[in-house]
Colleague: 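Pasting a structure below so you can have a look.
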Amino acid sequence: MSDLIITPVPAFKDNYIWLLTRGNEAAVVDPGDAEPVIRALEQQKLRLKAILATHHHADHVGGLVALKQRYSATAYGPARESVAQLDHRLAAGDRIEVLGARFDVIDIPGHTAGHIAFYAAALKPPALFCGDTLFACGCGRLFEGTPEQMLASLDALAELPAATRVYCGHEYTVANIRFALEVEPNNRELQTRAAMATAMRKRGEPTLPSTIGLELETNPFMRCDIPAVRAAASAIQPGAGFARVSTFAAIRSWKDGFR
Ligand SMILES: [Zn+2]
């Protein structure tokens, strides 16, 4: 069997729709817009077999119905959210097979209440599609969840192998790193990452995928145990750094107002 290849299809201002191909068959993750997907499928003469959705936001599912009807693809998405025309509604513990690869479903609420991730452990390296929950050097806004929920979701993702490729829904990396450097100005890995990400964007390249290992070293939202991150939380909100969840909450609300 040929390899599974994963490439980004840019959409809107900064979304990535992930295109998975094996031979002449394809699947997409979070097709917010049908148009760029149809163009990519036609250019590469691919047959769309499956559509995966991580959460209900329009910039992730806006193209789902049009693609499903045009290609009679099977649509998979979150059990606990309202997404039109899903064939399979999934939650933690469910397992699907797409283009010959097995994906485990992980519940990662916080950004939305029923947000799910798709994790392919058997791919080399393993692959994680996590929508708007874990970003490169950041995390999604808490539209429908609590800091406790989001922190638990990020903790679950932190358990995955360090080599896991992280395919997020947006190209937010450079702005996220700018904020992360406010939290941890002395983090050497973060400084290196800042230079690399800026250079990649200058060349017009995506900064994704990331890896779980790199996020653990540089993403402040994955580092609520680290003394420097806790100290930064306390500096913004006195006492916040005393506990993990209040550290997370303080940094998340700091980021909400950060420009
Ligand atoms: Zn979203």
Side-chain angles (χ1 to χ4, degrees), residues 6 8-20 27-37 51-68 75-86 89-92 103 105-119 127-157 165-176 179 206-210 215 219-222 248-249 251-259:
I6 306 171
V9 176
F12 309 120
K13 186 165 151 272
D14 49 31
N15 282 72
Y16 289 130
I17 300 166
W18 293 102
L19 176 67
L20 285 57
V28 284
V29 182
D30 285 354
D33 191 2
E35 193 57 38
V37 175
I51 303 166
L52 282 61
T54 61
H55 68 294
H56 69 85
H57 285 161
D59 63 323
H60 293 252
V61 298
L64 189 150
V65 171
L67 290 170
K68 181 179 156 65
Y76 303 89
R80 297 188 184 90
E81 296 194 349
S82 167
V83 177
Q85 296 205 17
L86 292 181
R89 312 184 72 88
L90 307 171
F103 288 84
V105 176
I106 308 172
D107 281 338
I108 48 169
H111 174 69
T112 60
H115 199 305
I116 59 171
F118 297 92
Y119 172 60
L128 172 73
F129 297 91
C130 53
D132 288 354
T133 298
L134 173 60
F135 288 126
C137 235
C139 75
R141 282 176 189 259
L142 305 183
F143 287 121
E144 300 172 10
T146 63
E148 286 84 356
Q149 284 177 319
M150 188 57 135
L151 187 58
S153 296
L154 296 177
D155 285 346
L157 300 182
R165 297 290 185 269
V166 179
Y167 298 89
C168 336
H170 291 269
E171 179 63 64
Y172 288 160
T173 313
V174 169
N176 284 346
F179 174 74
T207 60
L208 301 175
S210 177
E215 294 313 315
N219 187 331
F221 299 102
M222 301 278 268
F248 176 85
I251 290 175
R252 185 57 262 180
S253 65
W254 178 10
K255 174 76 163 64
D256 287 345
F258 184 78
R259 292 287 174 272

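The structure displayed is predicted, hence computed values, not measured ones. In listed order, ligands and their atoms are each counted from 1.
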Colleague: Kindly state whether the ring of H57 and the ring of H115 have centres lying under 6.0 angstrom apart.
Modeller: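 Distance test on ring centres: not under 6.0 Å, no.
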Colleague: In the shown structure, where waters are left out, how many protein N, O or S atoms lie under 2.8 Å from the Zn ion (ligand 1)?
Modeller: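 For the Zn ion (ligand 1), protein nitrogen, oxygen or sulfur atoms under 2.8 Å: 4.
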Colleague: Return yes if a side-chain donor-acceptor contact under 3.5 Å exists between E144 and H56, otherwise no.
Modeller: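 Checked: E144/H56 side chains pair up, N/O donor to acceptor below 3.5 Å.
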Colleague: Could you work out, with side-chain contact (heavy atoms from CB on, under 4.5 Å) as the rule, every residue matching F12, not counting sequence neighbours?
Modeller: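 F12: side-chain contact (heavy atoms from CB on, under 4.5 Å) contacts with N15, D33, D59.
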Colleague: Evaluate the ring planes of Y167 and W18, with Trp represented by its six-membered ring, and classify them as parallel (under 30°), tilted (30 to 60°) or perpendicular (over 60°).
Modeller: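 Y167 vs W18 ring planes: perpendicular.
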Colleague: Angle class for the F248/F221 ring planes (parallel below 30°, perpendicular above 60°, tilted otherwise)?
Modeller: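 Geometry flag for F221 against F248: perpendicular rings.
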Colleague: State the NZ-CG distance between K255 and L142, to the nearest 0.5 angstrom.
Modeller: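 It comes to 11.5 Å.
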